[in-house]
Amino acid sequence: MTTPAPTPPSPDRLEAARLEKLVAIEQLGLDPWGQRFDNHQPIGQAREVCPTEQDVMGPEVRIAGRVLLRNDRGKLKFLHVKDWTGRIQVMISKGDFSEDDWKLIELIDLGDIIGVDGKTRITRTGEKTISAAKVTFLTKSLAQPPEKFHGARDVEMLLRQRYIDLIYNEGVLERMLSRGKIIDSIRSTLKARNFVEAETPVLHSIAGGAAARPFTTHHNALDMQLYLRIALELHLKRLMVGGIERVYEIGRVFRNEGVDSTHNPEFTMIELYQAYGDYESMMELTEAIFVNAIQVLDGNLKRPWGEHEVDYTPPWPRKKYGDLFKEHAGCDMNDAAAVQEVAKKLHIEVKGKDPAVLVNDVFEETVESHLTGPVFVIDYPSAMCPLTKRKKGHPEIAERFELFIHGLELANAYTELNDPRLQEDLFRTQLTGLKEEDSMAKMDHDFVRALKTGMPPAGGLGIGIDRLVMLLTNSHSIRDVIYFPLLRHETE
RNA sequence: GAGCGCGUAGCUCAGUCGGUAGAGCAACGGACUUUUAAUCCGUAGGUCCUGGGUUCGAGUCCCAGCGCGCUCACCA
């Protein structure tokens with residue numbers, strides 16, 4: 001019997017207990033931080049080869065993972081070990097181990113990472129189990145894990161220490177891995193259609209291609225003010241001028257705006273451009289990207305979204321902006337006086353606003369909440385679309401669509417404007433009632449110069465990857481699909 | 001940016017009317033060879049977010065700040 005040492009003040013006492021075990025492991029001549037561990041198999045696979053009848057020994061397996069649970073009955077111990085493919089019980093019987101091996105086994109804490117060799121079987125209670133023949137210590141955990149039953153609930157901790165969320169909360173790891181699968185699927189959809197991936201600058205001299213406040217930074221050696229990109233558009237179009245006929249980029253963009261359940265200051269977009277296409281080709285491609293991504297998940301085209309169900313079976317309805325406006329706002333969007341009346345009734349500020357801006361405001365207020373979708377809203381008023389080709393014979397209509405699903409704006413696409421003189425004019429046209437930073441119209445002479453060389457007629461598409469993952473995984477906060485969303489500085 | 005809510009042990013949470021801090025899990029010591037959030041006995045563990053204020057006395061009431069959440073605004 002040893003007298004326990006005086007307990008150090010919390011929280012170091014918990015770490016101290018683990019450090020003592022670390023030393024004890026070293027005294028057994030073992031490395032508490034582990035070594036290369038070859039030829040182990042995924043736990044998911046070990047579960048598959050496990051026999052389904054009692055008293056039948058299955059094949060030998062070797063797994064590695066983190067200890068999540070322990071039922072210690074003295075000479076018989078049960079552990080639950082988890083890797084990124086699943087979780088399995090390990091049974092350790094004292095009679096199967098030498099004295100030193102048993103000493104090591106008694107030093108295993110919750111949260112430690114171990115390797116196990118043994119035969120699969122099921123126990124009396126029907127639990128798939130590895131009957132351990134050998135235990136290899138792989139990594140000591142010095143931190144106290146969260147409560148074994150309730151897990152970790154404190155949202156702030158889960159966001160600041162996402163690894164805790166990934167390890168201990170059901171479904172988090174799976175959801176994050178789904179994000180990767182969806183992105184892989186997008187790449188293979190595009191590869192099959194002969195698109196190539198490009199990497200364009202993140203640091204921009206002019207933050208163009210979208211309407212948003214940029215983050216500002218500075219290059220010291222060149223003494224240049226620079227912006228983090230708010231869109232991928234203008235560089236990818238320059239590549240089209242250069243003859244890269246089908247090009248895309250999946251990349252981070254940065255917008256210096258508010259944070260809420262559908263907005264994070266840095267987020268991931270895909271933009272793609274297809275020479276000799278138009279916005280109709282982009283609708284077909286959007287459907288293909290969604291359907292293929294769903295195939296790599298569970299393949300179910302009818303997917304839950306909270307209380308609702310979204311049916312992704314193509315083709316999705318196309319609805320004209322003007323028709324939707326008439327249906328929900330109750331007047332013709334070209335009747336400026338009537339639009340003003342509706343706006344006033346909705347308590348929208350009317351003064352000093354260009355009619356096109358007002359139409360847009362009324363549309364958002366009256367129409368968007370009705371767009372449960374998936375629905376392509378097509379043919380936007382051209383005044384709000386300075387980068388979009390106008391419809392042939394209808395200069396007031398831009399060949400643009402936005403994809404809406406339950407109020408979320410998922411995608412935005414154009415038949416791309418490739419007339420350099422019109423582009424230059426539109427960059428100059430600042431609608432009244434719209435602040436410069438809220439406008440897509442930002443003069444970019446270098447881009448106009450590129451168009452003068454000649455960009456083929458083309459379709460272009462942008463999809464918010466984070467929102468796509470949200471929808472396909474039924475996650476209602478963008479923070480659920482971004483590993484490390486932005487938080488304020490942690491106070492010491 | 002505004003309103004509302006939350007912040008107590010490593011974790012999950014109680015804490016009544018303002019009277020000096022509680023449980024479960026985890027930890028530590030002990031018993032246990034088929035458990036399922038094992039069980040049983042025992043021990044230890046607290047800057048009650050921070051700083052002021054009221055009070056004989058504050059986890060509790062008041063003010064300010066910090067962090068997080070929700071709603072709204074902003075973000076076409």
Side-chain angles (χ1 to χ4, degrees), chain A residues 1-18 20-21 54-55 68-80 87 89-96 109-111 121-129 131 141-161 164 168 210-213 230 255-265 267 321 356-365 367-368 377 380-381 383-386 400 402 404 409 412 431 433-435 437-440 476-477 479 485 487-492:
Chain A
M1 293 295 144
T2 53
T3 322
T7 315
S10 168
D12 289 345
R13 66 196 161 86
L14 295 167
E15 188 173 319
R18 285 166 178 261
E20 273 176 35
K21 290 179 185 169
Q54 273 182 49
D55 305 320
L68 293 191
L69 205 62
R70 183 184 51 215
N71 294 340
D72 192 335
R73 295 190 55 100
K75 294 182 182 118
L76 184 68
K77 300 180 194 302
F78 297 92
L79 304 177
H80 284 215
R87 178 174 172 153
Q89 175 169 264
V90 173
M91 185 168 77
I92 309 175
S93 176
K94 188 173 183 184
D96 297 337
D109 277 320
L110 294 180
R121 56 176 299 189
I122 72 174
T123 58
R124 272 185 209 163
T125 49
E127 177 93 20
K128 290 183 179 178
T129 300
S131 199
S141 172
L142 296 177
Q144 190 66 23
E147 215 258 3
K148 68 181 179 188
F149 183 61
H150 297 93
R153 282 288 122 81
D154 179 42
V155 177
E156 185 177 354
M157 178 177 74
L158 298 178
L159 295 177
R160 291 195 194 280
Q161 302 181 64
I164 300 288
Y168 293 103
R213 270 167 274 253
I230 59 171
R255 297 186 182 177
N256 204 339
E257 314 273 7
V259 174
D260 65 24
S261 63
T262 57
H263 297 84
N264 194 61
F267 62 101
Y321 186 100
V357 176
L358 205 55
V359 165
N360 186 61
D361 288 351
V362 170
F363 184 90
E364 281 172 14
E365 191 67 30
V367 181
E368 285 193 0
V377 177
Y380 279 63
M384 299 299 287
C385 310
R400 171 184 188 177
E402 291 197 331
F404 284 92
E409 190 191 316
N412 184 21
L431 297 178
L434 210 56
K435 284 177 265 172
E437 61 208 8
D438 294 336
S439 169
M440 260 194 248
H476 289 254
S477 170
R479 291 178 159 190
L487 295 178
R488 284 179 212 274
H489 294 300
E490 194 169 8
T491 45
E492 290 295 316

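By convention in this document, chain letters (A, B, ...) are assigned in the order of the sequence lines, proteins followed by strands, and residues within each chain are numbered from 1.
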**Report entry** side chain to side chain contact (heavy atoms under 4.5 Å, CB included) between A/Ser261 and A/His476, intermediate numbers included
**Finding:** CA-CA 7 Å; A/Ser261 63; A/His476 289 254; over 6 Å; no
**Report entry** From CA spacing to verdict: side chain to side chain contact (heavy atoms under 4.5 Å, CB included), A/Tyr321, A/Asn360
**Finding:** CA-CA 10 Å; A/Tyr321 186 100; A/Asn360 186 61; 3.9 Å; yes
Query raised in the report: Given A/His80 and A/Glu127, is the side chain to side chain contact (heavy atoms under 4.5 Å, CB included) satisfied, shown in steps?
Result: CA-CA 11 Å; A/His80 284 215; A/Glu127 177 93 20; 4.0 Å; yes
Report task. Report the C-alpha separation of A/His263 and A/Asp260 in whole Å, then their side-chain angles, then the decisive distance to 0.1 Å, and conclude whether the side chain to side chain contact (heavy atoms under 4.5 Å, CB included) test is met. Result -> CA-CA 5 Å; A/His263 297 84; A/Asp260 65 24; 2.8 Å; yes
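Look at B/rC56: its Watson-Crick or wobble partner, with both distances under 3.5 angstrom, is B/rG19. Here B/rG3 sits opposite B/rC70 as a Watson-Crick or G-U wobble pair (both hydrogen-bonding atom distances under 3.5 Å). Partner assigned to B/rC48 is none, using Watson-Crick or G-U wobble distances below 3.5 angstrom. B/rU35: no Watson-Crick or G-U partner with both key distances under 3.5 Å is found in any strand. Within the shown strands, B/rA27 is the pairing partner of B/rU43 under the Watson-Crick or G-U definition, both distances less than 3.5 Å. The partner of B/rA14 cannot be assigned: no Watson-Crick or G-U wobble pair with both contacts below 3.5 Å exists in any strand.
Nucleotides B/rG24 and B/rG42 have their P atoms positioned 11 Å apart, rounded to a whole Å. The same atom, C1', is picked in B/rG45 and in B/rC25; the two are 14 Å apart, to the nearest Å. Across the P atoms, B/rA23 and B/rG18 are found 24 Å apart, a figure rounded to whole Å. For the C1' atom pair drawn from B/rG1 and B/rA44, the interatomic distance equals 48 Å after rounding to whole Å. Of the P atoms belonging to B/rU71 and B/rG29, the separation is 47 Å, rounded to the nearest Å. Remark: the separation of the C1' atoms in B/rC28 and B/rG15 is 27 Å, to the nearest Å. Comparing the P positions of B/rC11 and B/rU16 gives an interatomic distance of 22 Å, to the nearest angstrom. Rounded to whole Å, the P atom of B/rG3 lies 50 Å from the corresponding atom of B/rC40.
A/Pro145 approaches A/Tyr168 most closely through the heavy-atom pair CB-OH, 3.2 Å. The shortest heavy-atom contact between A/Arg70 and A/Leu110 is N-CD2, 3.8 Å. The nearest pair of heavy atoms linking A/Ala212 to A/Glu257 is CA-OE2, 3.4 Å.
If you measure from atom CG of A/Leu159 to atom P of B/rG67, you get 15 Å, rounded to the nearest angstrom. Regarding A/Glu127, its CD atom lies at a distance of 9 Å from the C1' atom of B/rU35, rounded to whole Å. Taking atom NZ of residue A/Lys94 and atom P of nucleotide B/rC32, one finds them 9 Å apart after rounding to whole Å. The distance from atom CG of A/Asp12 to atom C1' of B/rC28 is 16 Å, rounded to the nearest whole Å. Between A/Arg73 atom CZ and B/rG30 atom P there is a gap of 18 Å when expressed in whole angstrom units. For the pair A/Lys77 NZ and B/rU39 C1', the interatomic distance rounds to 15 Å; values are reported in whole Å. We find that CD of A/Glu156 is positioned 13 Å from P of B/rC70, with the value rounded to whole Å. In this structure, the NZ atom of A/Lys148 is 17 Å from the P atom of B/rC11, given to the nearest Å.
A donor-acceptor contact under 3.5 angstrom links the side-chain atoms of A/Gln89 to the base of B/rU35. A/Asp260 contributes no side-chain N or O that forms a donor-acceptor pair with the base of B/rC75 under 3.5 Å. A donor N or O paired with an acceptor N or O is not found under 3.5 Å between the base of B/rU34 and the side-chain atoms of A/Ser93.
Where A/Thr262 and A/Gly95 each meet RNA chain B at their nearest nucleotide, the meeting point lying more 5' is that of A/Gly95. Comparing A/Gly151 and A/Arg70 by the nucleotide of RNA chain B that holds the closest heavy atom to each, the one mapping nearer the 5' end is A/Gly151.
Under the ring pair (Phe, Tyr, Trp, His ring centres under 6.0 Å) criterion, A/His150 pairs with no residue, sequence neighbours left out.
Listed for the A/Arg255 side chain is a donor-acceptor partner under 3.5 Å among the backbone atoms of A/Ile230. Judged by distance alone, the side chain of A/Arg18 and the main-chain N or O of A/Ser141 form a donor-acceptor pair under 3.5 Å.
Candidate nucleotides B/rU33, B/rG67, B/rU12 were compared by shortest atom distance to the side chain of A/Asp154, and B/rU12 ranks first. For A/Val155, the listed nucleotide lying nearest its side chain is B/rC68; candidates were B/rC68, B/rA44, B/rU33. Checking B/rC28, B/rC68, B/rU34 against the side-chain heavy atoms of A/Asp109 singles out B/rC28 as nearest. In this structure, the nucleotide among B/rU12, B/rA37, B/rC68 sitting nearest to the side chain of A/Phe149 is B/rA37. Closest approach to the A/Leu69 side chain among B/rU33, B/rA37, B/rU35 is made by B/rA37 (side chain taken as heavy atoms from C-beta onward). Among the nucleotides B/rU34, B/rG45, B/rU12, the one closest to any side-chain atom of A/Arg13 is B/rG45. Checked against B/rU12, B/rG67, B/rU35, the side chain of A/Arg153 finds its nearest nucleotide in B/rU12.
A/Arg124 comes within 4.0 angstrom of a base, heavy atoms only. Residue-level contact check: A/Lys21 touches the backbone only, with heavy atoms under 4.0 Å from sugar-phosphate atoms and none from bases.
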Restricting to nitrogen or oxygen on both sides, can you table the protein-nucleotides 22-24 of chain B pairs closer than 3.5 Å?
{"residue": "B/rG24", "atom": "N2", "partner": "A/Glu147", "partner atom": "OE2", "Å": "3.4"}

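If you check the side chains of A/Glu402 and A/Tyr380, you find a donor sitting under 3.5 Å from an acceptor.
Considering only side-chain N and O atoms, A/Asn71 lies nowhere under 4.0 angstrom from the phosphate OP1 or OP2 of B/rU35. Remark: A/Arg160 is in phosphate contact with B/rC68, judged by side-chain N or O atoms under 4.0 Å from OP1 or OP2.
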